[in-house]
Amino acid sequence: MAESVPGCYKLAGAVRDQGFLRRIGAEDAGCVTPPRYDRAGWKPGDGVFNAAAMAAYTVKLADRLTRLLDDGRFVVLLGGECSNVLGPALALKRRGRYGVVYLDGHSDFRTADNSPHVGAAGGEALALITGRGQADLTDLEQRGPYVENAALLGIREDDEYVDDVKAAGIPVWPALRIAEDPGEAASGVLEHLTDLDGFWVHLDVDILDAAIMPAVDSPDPGGISHTHLAELLRPLLAAPTCVGLDVGIFDPDLDPDGRYAAELTDTLVAALS
């Protein structure tokens, strides 16, 4: 139902229930409570729905992350959907010149220029952090665009906006190419993101194949395996210039027995170990 609230906001609890913090030796930095999911009155052509609340939340999240990064912490941000990456992107722009490694089954590059209208920010998140979209989300604190560079990994071969991504100078590694050699993909990304102060990794769990991870809002075939994902993440997260990771889109409401939460947590632990 269009009125229902996506269950991905429960991601953090589901992963924590699997002993995630203990297993990676992390300290709990608390929760930044998201705004109410509100599509009331929105209609196509109105821009991103709930944008004002999302902008306020982005600043609050960036404030929390700024304190952690100032303390030299490596941050693992759990929960929600892809617009969560706006918070880290803003926090990093406050610090200097950073990039984002965008791991996702979809390009999230929808804009008013390539689509009849925009709507959910999650479908526009890569566009937003690279300065494409409405100013109340792309230019908070007059700092847009938030990232200096980006790389996109994991999209399917038929992605609708891949040509726009490439035209923006963002290199793309589709899922099938990653599956052939995750290490080669990670090396290519690290070579692309040189000459920056650092980078952040964004992980949308729907990078995994739908048969492996159906507990997402838009499961698609043609994705990668848990083994591929761990092999891709490990060198990225171990790079001395990587400052953090956010994980989103996993929906515990679609995982009644906790199987997919357990498998996802195992992969994240393997990648961070």
Quick one: closest heavy-atom pair of Ala127 and Thr111, and the distance?
CB-CG2, 3.7 Å
Does Ser225 reach the side chain of Ile212, with side-chain heavy atoms less than 4.5 Å apart?
yes
Nearest 0.5 Å, please: how far is CG in Leu90 from CZ in Arg143?
6.5 Å
Electrostatic pair Arg110:Asp164 at N-O distance under 4.0 angstrom
no
Does Arg177 pair with Glu184 as a salt bridge, N-O distance under 4.0 Å?
yes
Any donor and acceptor pair, going by atom type alone, linking the side chain of Asn50 with main-chain N or O of Arg36 inside 3.5 Å?
yes
Spatial distance of atom CG (Leu126) from atom CD1 (Ile155) [nearest 0.5 Å]
10.0 Å
Applying side chain to side chain contact (heavy atoms under 4.5 Å, CB included), run through Thr265 and Arg23 and close with a yes or a no.
CA-CA 9 Å; Thr265 305; Arg23 293 167 66 186; 3.6 Å; yes
Just wondering, do Leu272 and Phe74 contact through their side chains at under 4.5 Å, heavy atoms?
yes
Can you confirm whether His226 sits close enough to Asp266 that some side-chain heavy atom of one is under 4.5 Å from a side-chain heavy atom of the other?
no
I want to check something: taking the side chain as every heavy atom from C-beta on, are Leu140 and Tyr146 in contact at a cut-off of under 4.5 Å?
yes
Do Val201 and Leu78 sit in one hydrophobic cluster, given that two such residues count as connected whenever their side-chain heavy atoms are within less than 4.5 Å of each other, even indirectly?
yes
Within the distance-only criterion (no hydrogens, no angle test), does the side chain of Asp108 pair as donor or acceptor with the backbone N or O of Glu124 below 3.5 angstrom?
no
Taking all heavy atoms of Asp255 and all of Ala215, pick out the closest pair and write down the distance.
CB-CB, 4.2 Å
Kindly work out whether a path of hydrophobic side-chain contacts (I/L/V/M/F/W/Y, heavy atoms less than 4.5 Å apart) joins Val247 to Ile207.
yes
Do Trp200 and Val147 make a side-chain contact, defined as non-hydrogen atoms from C-beta onward lying under 4.5 Å apart?
no
For the hydrophobic clusters of this structure (ILVMFWY residues joined by side-chain heavy atoms under 4.5 Å, transitively), does one cluster hold both Leu245 and Leu69?
no
Output yes when a side-chain donor or acceptor of Arg156 lies under 3.5 Å from a complementary backbone atom of Ala175, and no otherwise.
no
Taking Gln134's backbone N and O only, do any of them form a donor-acceptor pair with Thr138's side chain (distance below 3.5 Å, no angle check)?
yes
Taking every non-hydrogen atom, the tightest pair across Leu236 and Ala186:
CD2-O, 4.0 Å
Measure the shortest side-chain to side-chain distance between Val162 and Ser107 over non-hydrogen atoms and say whether it is less than 4.5 angstrom.
no
Around atom CD of Glu157, are there more than 12 heavy atoms of other residues, nucleotides or ligands at under 6.0 Å?
yes
May I have the step-by-step check of side chain to side chain contact (heavy atoms under 4.5 Å, CB included) for Phe109 and Leu152, ending in yes or no?
CA-CA 10 Å; Phe109 214 70; Leu152 173 63; over 6 Å; no
Got a second to check how far Phe199's CZ is from Leu92's CG, nearest 0.5 Å?
11.0 Å
Give a yes or no answer on whether the side chain of Arg132 reaches the backbone of Thr130 with a donor-acceptor pair at less than 3.5 Å.
yes
Given 3.5 Å as the limit, does a donor-acceptor pair link the side chain of His228 with the main chain of Glu180, or not?
no
Quick one: does Glu81's side chain have a donor or acceptor within less than 3.5 Å of a partner on Cys8's backbone?
no
To check you understand the geometry: which heavy-atom pair defines the closest contact between Val59 and Glu141, and what is its length?
CG1-OE2, 4.1 Å
With clusters defined by side-chain heavy atoms of hydrophobic residues (ILVMFWY) lying less than 4.5 Å apart, directly or transitively, does Leu137 cluster with Tyr37?
no
Rounded to the nearest 0.5 Å, what's the gap from OH on Tyr98 to CG on Asp197? Could you check?
5.0 Å
Can you measure from CG (Leu268) to CZ (Phe250) and round to the nearest 0.5 angstrom?
10.5 Å
For a 4.5 angstrom cut-off between non-hydrogen side-chain atoms, does Leu193 reach Thr241?
no
Between Asp204 and His106: side-chain donor-acceptor atoms closer than 3.5 Å
no
Looking only at atom types and distance, does a side-chain atom of Gln18 sit under 3.5 Å from a main-chain N or O of Phe20, one as donor and one as acceptor?
no
ILVMFWY cluster, Leu21 and Leu233 together (side-chain gap under 4.5 Å):
yes
Would you confirm whether Trp42, through its side chain, and Gly47, through its main-chain N or O, come within 3.5 Å as a donor-acceptor pair?
yes
Residue pair Pro252 / Ala14: nearest heavy atoms and the distance that separates them
CG-CB, 3.6 Å
Name of the residue among Asp246, Leu232, Leu153, Leu229 meeting side chain to side chain contact (heavy atoms under 4.5 Å, CB included) with Leu203
Leu229
When rounded to the nearest 0.5 angstrom, what distance separates OH in Tyr9 from CG in Asp253?
6.5 Å
Determine whether Leu77 and Leu61 make a side-chain contact, defined as any pair of heavy atoms from C-beta on separated by less than 4.5 Å.
yes
If you look at every heavy atom in His202 and Cys82, which pair is closest and at what distance?
NE2-SG, 3.5 Å
Presence of salt bridge, Lys93 and Asp139, under 4.0 angstrom
no
Could you tell me whether a side-chain N or O of Asp71 sits under 3.5 Å from a main-chain N or O of Leu68, the two making a donor and an acceptor?
no
